[in-house]
Structures are given as C-alpha cells and as structure tokens.
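Beneath this line is the structure, given in structure tokens, with notes to follow.
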There are 2 protein chains.
Amino acid sequence: MEYRFRIPTIIGIMVPLEAKSAKARDPRDAAATDGPRRADARRNRERVLEAAEAVFGESGLKAPIEDVARRAGVGVGTVCRNFPTKQALVEAVVGSMYETLLHEAEQALADPDPAHAFERFVVGLPDFQARHRALADQMASENMLASAASPREKLLRAVSELVARAQAAGAIRADIGPGDVSMLFSGVAHATAIVDDLQPVMRERYVRIILDGLRARDATALPGRPLDFAQLRRMRQKHAK
Amino acid sequence: MEYRFRIPTIIGIMVPLEAKSAKARDPRDAAATDGPRRADARRNRERVLEAAEAVFGESGLKAPIEDVARRAGVGVGTVCRNFPTKQALVEAVVGSMYETLLHEAEQALADPDPAHAFERFVVGLPDFQARHRALADQMASENMLASAASPREKLLRAVSELVARAQAAGAIRADIGPGDVSMLFSGVAHATAIVDDLQPVMRERYVRIILDGLRARDATALPGRPLDFAQLRRMRQKHAK
DNA sequence: CCGGAAGTGGAATACCGATTCCGGATCCCC
DNA sequence: GGGGATCCGGAATCGGTATTCCACTTCCGG
C-alpha cells in the first residue's frame with residue numbers, strides 16, 4: 001500500500017491523497033472501534049496503541065507493522081485485527097495526540113495573561129510536534145475516524161481563541177490569523193527535526209525569533225491576508241488533485 | 001530498497017541513514033558519470049534527468065521510477081542503466097539544483113546593499129525549495145557524488161557571507177548564524193508546501209514575519225548560540241545513529 | 001471445571017516497486 | 001551501406017512489507 005500525504009501544519013490540515021485498497025468499512029466494524037469484548041484483547045489493543053505511538057515517533061511512519069507488534073509483545077496478526085489497515089492504526093494514534101494537545105491549549109487558555117498564554121502554548125507546540133515527528137505529519141487527515149474529529153475541532157477553536165485574545169491585548173500583530181500561527185511554528189518543528197540532542201534549545205531559539213516577528217510594534221506590512229483554519233482547509237481542498 | 005532521510009535544512013545537511021543494497025561502485029563506472037558514448041544515449045540521459053526533476057518535484061521522492069521513465073519517454077531499463085540506483089538518480093538531480101541555488105546566491109552577493117542582498121536571497125529561498133519539494137529534503141547528503149560537493153561548499157560559503165555582511169551593516173541581529181537562517185527559512189518552505197496555489201504569497205508572508213524577527217532592533221535575547229554550517233553538520237553527525 | 005466463542009501468533013499470500021536481463025533496434029565508424 | 005558495438009524497451013526477478021488465514025490458545029459464563 002502506498003501512502004501519500006501532504007506536508008502538515010502544526011494543527012495539521014491535510015489529507016491522504018489516495019487510500020488505494022481501503023476496504024469499504026462495514027458498519028459492524030464501528031462497534032469494534034472502542035474495543036474487543038474480552039479483557040485480554042482490550043489490554044492488547046491498548047498496548048498496540050502505545051507501542052505504535054512510540055515506534056512511529058522514533059522511526060517514522062514507515063516503520064513496519066512488525067516493529068510495532070514486537071514492541072507491543074504481540075503478533076502482527078493481533079495488530080492487524082485491531083486496526084484493519086496501517087492507516088487506521090496511524091489515525092488511532094493521531095486521535096489520542098489531539099487530546100493531549102487540546103489539553104495543553106486549554107491549560108494555556110486558563111492563563112489570565114493573554115500574551116503569556118499565547119507564548120506558552122506556542123513554545124510548547126513545536127516541542128510537541130517534534131516529540132511525535134512523523135505522526136505530526138499526519139494529524140487531521142480530513143477523513144479521520146469520527147472519534148478524532150471532535151477533539152480536533154475543539155483544538156482549532158482553542159488555538160483561534162488564544163490568538164484572538166493575544167491580539168486583543170495588543171501582544172501580537174493584528175494582521176495574522178490562527179492558520180498563520182500554525183504554519184509558522186510547524187515550520188520550526190520540521191526544521192529542527194535534524195538535531196535530536198539540541199532540539200529543545202534550537203526550537204526555542206527559533207520560536208523566540210518568530211515571536212519577535214509577531215509582535216505588534218515595528219511590524220512591516222504583510223502580503224496576503226490573515227489565515228484562519230477554515231481557509232487553510234479550503235486551500236488544502238483546492239490543492240488536492 | 002528503503003530510504004530514510006532526515007528532514008532537511010534549506011541548504012540541507014543530512015544523510016541517508018542506510019543505503020542497504022548499495023553496490024560498491026566499481027571505478028569504471030566513474031567514467032560513465034558524465035555520459036554514454038553514443039549521441040542518442042546522452043540525449044536520453046539528459047531527458048531522464050529533466051523528467052526526474054519534474055516528477056520528484058511534483059510527486060515527491062517516492063514517485064516510482066516508472067513514472068520518471070514514462071515522462072522521459074524511455075523505458076525503465078534506460079533509467080536504471082544511467083543511474084544504477086534510485087538514490088543515484090536523486091543525487092544527480094540534486095547536484096544540478098545546487099548549481100542553480102549557488103547562482104542565486106552569487107547574484108545576491110553582487111548587490112551592493114547588504115541588507116537588500118540578504119533579503120533578496122532569503123525571499124527566494126523557500127520559493128526555490130518549494131519548487132523542488134521533496135528534492136530539497138535531499139540536498140546535501142554527506143556522501144553525495146563528488147560532482148555535487150563543490151557547488152555545495154561554495155553555496156554554504158556564499159550564504160555565510162550574505163549573513164555576515166547583513167550583520168556588519170546592522171541589518172539583522174548579531175546573535176544568529178547562517179545555520180539559523182537555513183533552519184528558519186526551510187521551515188517556511190515545509191509549512192507552506194500544502195498550499196500550491198497561494199504558495200508564493202504565503203511564503204513571502206512568513207518570510208516577512210521572520211525577517212521582522214531577525215532585525216537588530218528590539219530583539220529579545222535568544223537561548224543557544226549562533227549556528228553555522230559546520231556546527232549544523234556536526235549536529236547532524238551526532239544525530240545519525 | 002467444561003465447552004465453545006473470542007483471540008492469538010506467525011507463516012503464507014498479495015502487492016508494489018527497484019533492479020536486472022536479454023532479444024531486438026539504433027547508431028556510427030569504415 | 002554493412003556490421004558490430006551500444007542502447008533500448010519492458011518483461012521477469014527479487015526484496016520487502018501490509019494483510020490474510022488458520023491451527024492452536026485463552027478466556028469466561030454456566
């Protein structure tokens with residue numbers, strides 16, 4: 001099977017260009033979505049998910065399913081029964097990542113100082129993405145499991161809110177949108193992916209530079225218009241062949 | 001064959017993690033490096049190179065060799081004879097890209113105003129990378145064909161010079177190095193890769209923001225130290241398993 | 001504690017794409 | 001224009017990984 005995905009934005013908006021031999025999913029499978037009936041089986045499914053997150057994070061999406069299976073201490077058969085397709089496995093992992101990120105965004109939103117809230121979230125973002133490397137490339141395929149769609153929408157809303165509040169407080173320039181923020185900081189995550197050991201420092205280094213560029217004072221006029229997530233999605237759709 | 005590459009920097013410093021079944025190259029092949037003896041053959045080789053640049057640029061490195069062959073109007077056999085390995089084909093294409101980029105850098109260097117020279121190069125950079133998408137991911141594998149090594153070194157030197165001059169002129173902050181510049185702008189290229197149609201505008205949008213962040217005035221202190229290409233390379237080497 | 005139903009491991013299969021091979025077509029030197 | 005030496009196309013081969021299959025466990029309700 002071949003996978004072709006567009007490069008991501010932090011809070012990725014992108015889509016598999018083709019899902020070649022994807023089986024039409026039979027409604028009954030939906031029932032299986034949240035678990036097998038037997039206790040040991042449910043435990044295994046959980047272990048596979050954890051292993052997959054670890055393995056994909058370390059070796060990228062092309063890591064063979066067998067590696068995931070070994071790490072989880074189960075056979076490949078078990079992996080494939082729980083996730084009929086590698087794609088399905090990836091999506092399941094990504095789904096749980098959305099929840100983590102959403103959690104971070106919500107914590108930031110709880111911060112009373114909008115400027116600090118924004119900064120805090122944004123410093124953590126490339127870090128989060130880097131921790132999950134290839135998986136980040138995957139976040140938010142449009143046709144994702146329903147279970148992941150809801151956290152994702154919430155996340156987008158939270159980020160938009162963070163940006164809007166920071167702007168209202170005059171902390172960052174008014175001529176950018178949440179989509180721009182997503183683009184900029186996902187770029188940092190990508191660029192710093194080459195350097196494991198110094199990553200945290202380097203990432204913050206670049207985040208700081210960009211934050212300087214986002215400040216309201218002294219800003220030079222920008223071409224284009226502020227980008228929000230809806231537009232980002234639309235662009236993505238036009239883009240898909 | 002499997003390819004595993006690290007994410008790039010604009011003027012990429014990275015390396016294939018493994019070249020599994022790479023044949024030890026027999027010295028005689030070196031002779032073949034710059035062309036077959038028969039006229040039509042040489043022409044074909046050229047057409048393959050062009051086709052490869054186009055196809056890889058559009059569909060990424062995983063585009064099958066067959067696509068390249070079809071686009072070039074030749075059989076796969078011909079492609080494989082000229083470039084014993086897919087990796088070799090990629091390297092050949094990348095080599096020619098270095099020369100193009102070097103040319104742009106030299107033109108920029110000819111500009112008497114250091115600030116303008118820097119800006120000019122840097123605005124063009126993500127554009128260049130985006131035009132070649134996946135290929136940019138490839139630039140500068142350490143063990144690249146000798147023919148590509150020299151343009152690359154020249155390019156790195158030219159970029160360092162552009163940065164140094166801009167700094168001497170007080171146009172950009174002093175606490176960054178050429179490696180930082182490479183990182184930052186390659187990030188833009190990556191992030192904007194999702195949006196074909198609006199890319200040029202979006203890219204410039206983000207480049208402007210980052211340029212604002214790179215200005216000398218009002219700069220906040222950065223963690224870490226200025227990064228030059230030598231350090232970048234060293235980090236890459238430590239990183240490789 | 002029994003008898004299936006539900007699950008398991010991992011060998012076998014299905015696919016896909018890079019690389020190789022070779023009978024036949026093309027060039028080019030004389 | 002003839003005859004090799006060079007090249008060509010594309011079918012066959014090979015290698016690698018996702019997915020399927022099934023004989024064999026393990027669980028669990030009664």
Side-chain angles (χ1 to χ4, degrees), chain A residues 1-4 16 18-26 28-29 31-32 35-48 51-52 55-56 59-92, chain B residues 1-4 16 18-26 28-29 31-32 35-48 51-52 55-56 59-92:
Chain A
M1 182 189 271
E2 188 201 355
Y3 301 90
R4 295 179 59 183
E18 44 191 324
K20 267 185 182 169
S21 68
K23 291 273 163 58
R25 194 162 308 162
D26 167 325
R28 279 171 306 176
D29 290 20
R37 308 121 196 48
R38 240 167 67 179
D40 59 336
R42 198 157 2 220
R43 216 177 311 131
N44 275 339
R45 183 194 161 87
E46 212 45 49
R47 282 207 278 172
V48 168
V55 170
F56 289 150
S59 319
L61 282 183
K62 52 158 81 94
I65 285 201
E66 196 186 332
D67 286 4
V68 175
R70 194 172 328 116
R71 177 98 159 218
V74 304
V76 286
T78 300
V79 175
C80 289
R81 204 165 341 95
N82 278 290
F83 306 94
T85 274
K86 188 176 184 180
Q87 177 71 34
L89 175 57
V90 169
E91 285 181 8
Chain B
M1 182 189 269
E2 189 201 353
Y3 301 90
R4 297 179 60 183
E18 45 192 324
K20 268 186 182 169
S21 67
K23 291 274 161 55
R25 194 164 307 165
D26 166 325
R28 279 170 305 176
D29 290 20
R37 311 128 196 39
R38 241 166 67 178
D40 57 337
R42 197 156 2 220
R43 215 176 313 131
N44 275 337
R45 183 195 161 87
E46 212 45 49
R47 281 207 277 171
V48 168
V55 170
F56 289 150
S59 318
L61 283 183
K62 53 159 83 93
I65 286 202
E66 196 186 332
D67 286 4
V68 175
R70 195 171 328 118
R71 176 100 159 215
V74 305
V76 287
T78 299
V79 175
C80 289
R81 204 164 340 95
N82 278 290
F83 306 94
T85 273
K86 188 176 184 181
Q87 177 72 33
L89 174 57
V90 170
E91 285 181 7

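Since the model is a prediction, treat every value here as computed from it, not as a measurement. Per chain, numbering begins at 1; letters A, B, ... match sequence-line order.
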In whole angstroms, the gap separating C1' of D:dA12 from CD of B:E66 amounts to 14 Å

A:A63 versus A:K86, closest heavy-atom pair with distance: O-NZ, 3.0 Å

Whole angstrom is fine here: how far is it from CG in A:D67 over to C1' in D:dG16? 13 Å

Length of the line joining A:F56:CZ and D:dT17:C1', which is rounded to integer Å: 12 Å

For A:A39, answer base if it contacts any base atom (sugar-phosphate contacts may also be present), sugar-phosphate if it contacts only those atoms, and nothing otherwise; contact means non-hydrogen atoms under 4.0 Å. sugar-phosphate

Return the value, rounded to whole Å, for the distance between atom NZ of A:K86 and atom P of D:dT17. 9 Å

Under 4.0 Å: is that the gap between some side-chain N or O of A:T85 and OP1 or OP2 of D:dT19? yes

Separation of C:dA6 atom P from A:R43 atom CZ, nearest Å, is 18 Å

Flag the pair A:D67 and A:R70 as a salt bridge only when some basic side-chain nitrogen lies within less than 4.0 angstrom of an acidic carboxylate oxygen. yes

Shortest non-hydrogen pair, B:A52 vs B:L89, comes out as CB-CD1, 3.8 Å

Report yes if the side chains of A:Q87 and A:E91 come closer than 4.5 Å at any heavy-atom pair, otherwise no. yes

With sugar-phosphate taken as primed atoms, P, OP1 and OP2 and all else as base, the protein-contact string of nucleotides 4-9 of chain D at under 4.0 Å (heavy atoms; B, S, -) is -BBSBB

Sequence-distant partners of B:V76, side chain to side chain contact (heavy atoms under 4.5 Å, CB included), two or more places apart: B:I65, B:E66, B:A69

Rounded to the Å, how far apart are B:Q87 CD and C:dG17 P? 19 Å

Euclidean distance, atom CG of residue B:L89 to atom C1' of C:dT19 [Å, nearest integer]: 13 Å

Rounding to a whole Å, what distance do you find between A:I65:CD1 and C:dT13:P? 19 Å

Report the C-alpha distance between A:V68 and A:F56 in whole Å, list the side-chain angles of each, state the deciding distance to 0.1 Å, and finish with yes or no for side-chain contact (heavy atoms from CB on, under 4.5 Å). CA-CA 8 Å; A:V68 175; A:F56 289 150; 4.3 Å; yes

